[in-house]
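Before any comments, here is the structure.
Every value quoted in this text rests on a predicted model; they were computed, and no experiment measured them. Numbered from 1 within each chain, the chains take letters A, B, ... in sequence-line order.
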Protein chains: 2
Amino acid sequence: MLNQMATLDRVFHALSDPSRRLMVERLSLGPASVSELARPLSMSLAAVVQHVQVLEASGLVRSQKVGRTRTCSIQPAVMRSAEQWMADRRTSWERKLDRLGDYLAGTADNPDTPAKERQ
Amino acid sequence: MLNQMATLDRVFHALSDPSRRLMVERLSLGPASVSELARPLSMSLAAVVQHVQVLEASGLVRSQKVGRTRTCSIQPAVMRSAEQWMADRRTSWERKLDRLGDYLAGTADNPDTPAKERQ
DNA sequence: GCCATAGTGAAGCAATCGCTTGACTATCTG
DNA sequence: CAGATAGTCAAGCGATTGCTTCACTATGGC
C-alpha cells in the first residue's frame, strides 16, 4: 500500500509523455526492438533508450536483450492496477451522484426533509 | 485527436503526484474546499492551490468560488477517457497473447505450420 | 577482417516541477 | 470595527525531465 503508491507515481508519470504513450501503442500491437520504437519518433536513439528505461521502471514494459537487439513487450499487470485506481475513484463519485439524484427525486414532493444524505 | 493527446498528457501528469491523487481520493467521497483538501497534506495552502490548478487544467476537477471558499468536485469525463486509453492498449495486447496461445495449441501436433500469425 | 547496425554510458543543458515565503485581498464572526 | 479565516499572486529555488552529443562496446553480415 506504501509501495503501491510509488508504483502508481511511476505508471502515471510514464504515461504522461506522448512519446512514451506512442511506444506503448506500438507495443500493444506486439513486441518491438528499441530501434523499431525509435523509428517514428524524430529523436536520438539514446533518448528513446531513456524512455524505455522509464517505461521499464514503471513495470509497464519488460525487455530482454538477445544478440545486439533489445526486444520490448507490454506487461499488462500495472496498467490494469492503474485502470482500477481510476475506476474505483470515478465510480465512487458517480454512485454518490446517483444517490443524490435519487434523494432529490424522492423528496421532490416532500421539501421539508432534512438535508442530511440517506444511506 | 491532436487535442486529445494533450489532454491525456495533462491527466496522466496530474495523477502522477501522490498529493494530487490523495486530493482526488478525497473528492471521490464528495466535494471539498481547498482548505479541506489541504488538511492531511503538511504543505502550505499556496502549494495546495497550485495542485488544484493542475487538476483543474487537466479537466479532472472543477471548482467554483462562493463567498471566500472555493469548492472543488470531480469531473469524471476525462478520467473515463484515460481509463479507456489504457484499457484499449491493454486488451489489444491481451487479445494478441490469447491468439498466440490458440495458435500454439492448434499447431502442437502440426509443427510445420509457417510462423506467420493467423487472423 | 571490415564495416554497418544496435545499443550503452556519461556529461551537460534548458525547461518544467513542487514547493516556500511574503505580501496582499476579500469574506465571515463576535 | 477587530481579528480570524480562506484564498490569491508573484518571486525564487533546488530537484527532476527530456533531450543532445560524444565516445564507446558488442554483434551481425559480407
Side chain of A:S44 (C-beta onward), nearest among D:dT8, D:dT21, D:dA11
D:dT21
Write down the distance between CG (B:L45) and P (C:dA26), rounded to a whole number of angstrom.
17 Å
How close or far is atom P of D:dT20 from atom CE of A:M43, stated in whole angstroms?
7 Å
Given that A:Q50 and A:S33 both sit by DNA chain C, which one's nearest nucleotide is further toward the 5' end?
A:S33
Round to a whole Å and report the spacing from CD of B:Q64 to P of D:dT8.
13 Å
To the nearest 0.5 Å, tell me how far B:E56 CD sits from B:H51 NE2.
14.5 Å
Counting side-chain heavy atoms from C-beta on, which of C:dG22, C:dC28, C:dC19 comes nearest to B:A46?
C:dG22
For the side chain of A:R62 and the backbone of A:S73, is there at least one donor-acceptor N/O pair under 3.5 Å apart?
no
Of the listed D:dT5, C:dT8, C:dG18, the closest approach to the A:R70 side chain comes from C:dT8
Proximity to the side chain of B:R20 - top-ranked nucleotide from D:dT8, C:dG18, D:dC19:
C:dG18
Nearest to the side chain of A:R68, which nucleotide is it out of D:dG28, D:dT20, D:dT5?
D:dG28
Measure CG/B:D17 against C1'/C:dC17 and give the value in whole Å, please.
9 Å
Give the C-alpha distance, both sets of side-chain angles, the deciding distance and a yes or no for side-chain contact (heavy atoms from CB on, under 4.5 Å) between A:E36 and A:R39.
CA-CA 5 Å; A:E36 236 168 306; A:R39 202 110 50 211; 3.7 Å; yes
Specify the separation, in whole Å, of atom CD of A:Q53 and atom C1' of D:dT16.
15 Å
From the set D:dT21, C:dC19, D:dC19, return the single nucleotide nearest to any side-chain atom of A:S19.
D:dC19
Indicate yes or no: at least one non-hydrogen side-chain atom of A:D9 is less than 4.5 angstrom from one of B:R21.
yes
Among D:dT27, C:dT8, C:dG18, which nucleotide has an atom closest to any side-chain atom of A:K65?
C:dT8
Heavy-atom nearest pair, B:L37 first then B:C72, reads CD1-SG, 4.0 Å
The side chain of B:H51 is closest to which nucleotide in this list: C:dG18, C:dT8, C:dT20?
C:dG18
Which of C:dC28, C:dC19, D:dT20 is nearest the side chain of B:A47? It is C:dC19
Rounded to the nearest angstrom, tell me the gap between atom CZ in B:R10 and atom P in C:dT16.
14 Å
